[in-house]
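All remarks here apply to the structure that follows.
Computation of the quantities below employed the complete heavy-atom set of this structure, encompassing side-chain atoms and omitting hydrogens, waters and symmetry-equivalent molecules.
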Amino acid sequence: MSFPLLTVTAAVPALGAVATAAVPAAKRTVAKWLALLFSLVTLALAAVQLVRFDPGASGPFQLTESHAWIKDFGVRYELGVDGIAVVLIALTALLIPFVILAGWHDADPLEEERPNRRWRPTQGFFALILMVEAMVVISFEATDVFLFYIFFEAMLIPMYFLIGGFGDRAGEHDEEKTATRRSNAAVKFLLYNLAGGLIMLAAVIGLYVVTAHQTGEGTFSLQEIIQARAAGKLDMAASTERLLFLGFFFAFAVKAPLWPLHTWLPGAMGESTAPVAVLITAVVDKVGTFAMLRFCIQLFPEASKWATPVIMVLAVISILYGALLAVAQRDIKRLVAYASISHFGFIILGIFAMTTQGQSGATLYMVNHGISTAALMLVAGFLISRRGSRLIADYGGVQKVAPVLAGTFLIGGLATLSLPGLAPFVSEFLVLVGTFSRYPALGIIATVGIVLAALYVLVLYQRTMTGPVKAEVRAMPDLKVRELVVVAPLIALLVFLGVYPKPLTEIVNPAVKHTMSQVDKTDPKPDVPVRAATDKDAPHEDASHGEASHEEAEAAK
C-alpha cells in the first residue's frame, strides 16, 4: 500500500488543531509555536505533492486513494488531485503560516481581562485556523461528491467562531455594539452558506437517485459518474440535469461569492481580524470557484453550457458592482472585501467562458488573488492595529513615518489592480482574452473593472499614505521583524509569478484541457480570412522549380 500523502496532508492540521487546543491556558506562547509548527509541516507535505505531481501523466487525477466507506449508499473515501487542486492546496498551505504569524497577538487577553480565567482564547483561535485548513485541503482533494459535501459544510463551524468570537478590536468604544456587529456578521455568514449547502444537499441526493436508476447502482464517485456518461450508461434528461446543476451552483455561488449572493462577505471581513479576513477570501472562498470547475462543469456539462450566458452576465455585474462599491468605501477592510467580490467575478467569468485561456486564467487568478489579497489585507491589518481605526479618513502621511509599511501596502495595492509585472496581471489578461474570444461584448464591459480597480486602490493609497502627517499617526512605528517575515515572501511571490508564471501554467493547463473535454468545447478559431496567393507573391525561381512553385501557390489558394 502506497503512502497516503493526501490523507496525511489533511490530517496534520487537524491533529495540530487538537494539540493546540489541549495546551494549558497559561502556555499561550507554546500554543502559538505549536500551531505554526503544524502549519509548516502541512506546507512541506503540500510541497511534496507538487514535486510528485506529473503534469504530463495520463488520467485526470493523481496520488489517488480509494476506500469503501458506506457501501449501502455508494459512499467512498476517494481522494485525488489534478493540476488545479494541487496548486490550490499549495496556496492554502502557504498562506496559513503567514495567517498564524500575522495573528500572533490577535487573540491574547486584553489587560482588563482576568488573567487566570479558564477560557483559553489564544489556543482556541489557532486551533480553529488549523481546523479550517484541514477541511479546505480535504475539500480540494475529495473526488467523492458526498465526501466533498461533508467538509464543504463542516468548515462553516470553525469559521463562524473565528468571525463571531475573535473579531477586530480596532475602535472598540462600545463593547456591546461591537459584539452585536460581530454576532450579526457571523450569523449572516452561517445562514447564507447553510442555505446554499442545504440546496446542494438536495441536489447531491438527486444525483445519487439518478445514478442508481440509470446504472443500477447509486454512486457519488466523480470518476465513476464521468465514465458512466462516457460509456452511455448515464444519460440525464435535460430538465433533471439543469435542476441538479442549479443546486450545486447555488451553493458554490454563495461561497464564491457571486452577485447577488455576496452580501455576507463585507460584514464578515469587516468584523474579522485581518488574518481571519484573509482566511475567508483567500482560502475558504476559493473552494466555491474550484468546485464550479470540478463538479458543476464535469458532472453537468450540458447544463453548464445552458446556464453559461446568465452566469457570464452575473459575473460581469459582480465585477462592476464590487468595484463601484469599493470606490465608495470609507472602511479599509470593507473596501478590500468589495474588491474581492469584483475579483471573484473575473474568476467566474473565466471559468464559464469555456475557453482554455479563460479557465487557465481563472485558476491562476485563484492563486494570484489569494497572494495579493493576503499581502494587502495583512499590511492593512498591521496599519489598523497601530492606529486603532479602520476608517480611511483617520489616516494621512503614513509613508513619511513608516515608509516600509507604506511601500508594502502600495505593492499589495498595485497587485490588486493587476499592474503588469505582478502576478494578478497574467491571470486577469488570460481571463479577458478567453472571454473576448467567445463573448466579445462581455469582455469589453468587464475591462471597466480594471479602470475602477485603479481608482479605488490609488485613491486609498493617496488618502492613507500621502499628504500631511496627521497627529494620530506621527508616532506610528514601521513594520517589525515578525511582520516583515509575513509580508516579504508574499511580495516576492507576486513579483516572481508576475514575471515567470510558467511553473503554474505547466501544472494547470493539462487539467483545464481535461475539463474542456468533458463539456466537449474547443477554443473558437479566429475569424481572419486567409489572403489568396497571387502571382506577385510567388517566389522567383528558376524553371527547374517552376512546377513545385505552382503546386505551392495552388495549395496556398
Next item on the list: Going by the side-chain contact (heavy atoms from CB on, under 4.5 Å) test, name the single residue among Leu293, Asp285, Val87 that passes it with Met366.
Entry: Leu293
Quick one: does any side-chain atom of [X] pair with a main-chain N or O of [Y] as donor and acceptor, under 3.5 Å?
{"X": "Ser318", "Y": "Trp259", "result": "yes"}
{"X": "Arg294", "Y": "Ile84", "result": "no"}
{"X": "Thr281", "Y": "Ala277", "result": "no"}
{"X": "Thr435", "Y": "Leu432", "result": "no"}
{"X": "Thr373", "Y": "Ala282", "result": "no"}
{"X": "Glu141", "Y": "Gly80", "result": "no"}
{"X": "His343", "Y": "Ala339", "result": "yes"}
{"X": "Ser372", "Y": "His369", "result": "yes"}
{"X": "Glu241", "Y": "Glu302", "result": "yes"}
{"X": "Glu428", "Y": "Phe346", "result": "no"}

Does some side-chain heavy atom of [Y] sit less than 4.5 Å from a side-chain heavy atom of [X]?
{"X": "Ile100", "Y": "Lys32", "value": "no"}
{"X": "Met292", "Y": "Ile297", "value": "no"}
{"X": "Leu234", "Y": "Ile225", "value": "yes"}
{"X": "Asp82", "Y": "Gln62", "value": "no"}
{"X": "Val276", "Y": "Met159", "value": "yes"}
{"X": "Leu156", "Y": "Phe189", "value": "yes"}
{"X": "Phe248", "Y": "Leu299", "value": "yes"}
{"X": "Ser418", "Y": "Tyr365", "value": "yes"}

[X] and [Y]: which non-hydrogen atoms are nearest, and at how many Å?
{"X": "Ser360", "Y": "Val512", "result": "OG-CG2, 3.7 Å"}
{"X": "Gly370", "Y": "Leu95", "result": "O-CD1, 3.9 Å"}
{"X": "Ala85", "Y": "Phe140", "result": "CB-O, 3.5 Å"}
{"X": "Ile163", "Y": "Ser272", "result": "CG1-OG, 3.6 Å"}
{"X": "Leu484", "Y": "Pro489", "result": "O-CD, 4.0 Å"}
{"X": "Ser427", "Y": "Gly361", "result": "CB-O, 3.4 Å"}

Rounded to the nearest 0.5 Å, what's the gap from [atom1] on [X] to [atom2] on [Y]? Could you check?
{"X": "Glu78", "Y": "Thr219", "atom1": "CD", "atom2": "OG1", "result": "7.0 Å"}
{"X": "Phe250", "Y": "Lys255", "atom1": "CZ", "atom2": "NZ", "result": "13.0 Å"}
{"X": "Leu101", "Y": "Ile96", "atom1": "CG", "atom2": "CD1", "result": "11.5 Å"}
{"X": "Leu504", "Y": "Asn509", "atom1": "CG", "atom2": "CG", "result": "10.0 Å"}
{"X": "Met354", "Y": "Arg438", "atom1": "CE", "atom2": "CZ", "result": "8.5 Å"}
{"X": "Leu258", "Y": "Ile347", "atom1": "CG", "atom2": "CD1", "result": "11.5 Å"}

Notebook entry, point to check: Can you check whether Phe252 and Phe152 have ring centres sitting under 6.0 Å from each other?
Noted result: yes
Notebook entry, point to check: What about Phe73 and Tyr208, are their ring centers closer than 6.0 Å?
Noted result: no
Within a reach of under 6.0 Å around [atom1] of [X], are more than 12 heavy atoms found that belong to other residues, nucleotides or ligands?
{"X": "Tyr77", "atom1": "OH", "answer": "yes"}
{"X": "Phe161", "atom1": "CZ", "answer": "no"}
{"X": "Trp33", "atom1": "CH2", "answer": "no"}
{"X": "Phe436", "atom1": "CZ", "answer": "no"}

Next item on the list: Would you check, one step at a time, whether the test side chain to side chain contact (heavy atoms under 4.5 Å, CB included) holds for Phe148 with Val204?
Entry: CA-CA 10 Å; Phe148 169 83; Val204 169; over 6 Å; no
Regarding [X] and [Y], do their side chains bring together a donor and an acceptor under 3.5 Å, going by distance alone?
{"X": "Gln49", "Y": "Thr9", "value": "yes"}
{"X": "Gln123", "Y": "Thr20", "value": "no"}
{"X": "Thr7", "Y": "Glu65", "value": "yes"}
{"X": "Thr355", "Y": "Ser437", "value": "no"}

Next item on the list: Assess whether side chain to side chain contact (heavy atoms under 4.5 Å, CB included) is satisfied between Thr143 and Leu79, documenting all intermediate values.
Entry: CA-CA 5 Å; Thr143 58; Leu79 305 180; 5.6 Å; no
Check: Going through the checks in order, is the side chain to side chain contact (heavy atoms under 4.5 Å, CB included) test met by Tyr149 and Val145?
Finding: CA-CA 6 Å; Tyr149 174 78; Val145 176; 5.6 Å; no
Note to self: Could you work out, with ring pair (Phe, Tyr, Trp, His ring centres under 6.0 Å) as the rule, every residue matching Phe245, not counting sequence neighbours?
What the structure shows: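 Phe245 satisfies ring pair (Phe, Tyr, Trp, His ring centres under 6.0 Å) with Phe249 once adjacent residues are dropped.
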Next item on the list: Decide side chain to side chain contact (heavy atoms under 4.5 Å, CB included) for Phe166 and Leu128; before the verdict, give the C-alpha distance in whole Å, the side-chain angles of both, and the deciding distance to 0.1 Å.
Entry: CA-CA 11 Å; Phe166 300 92; Leu128 290 170; 3.9 Å; yes
Check: Do the rings of Phe146 and Phe220 sit parallel, tilted or perpendicular, given the 30° and 60° boundaries?
Finding: tilted
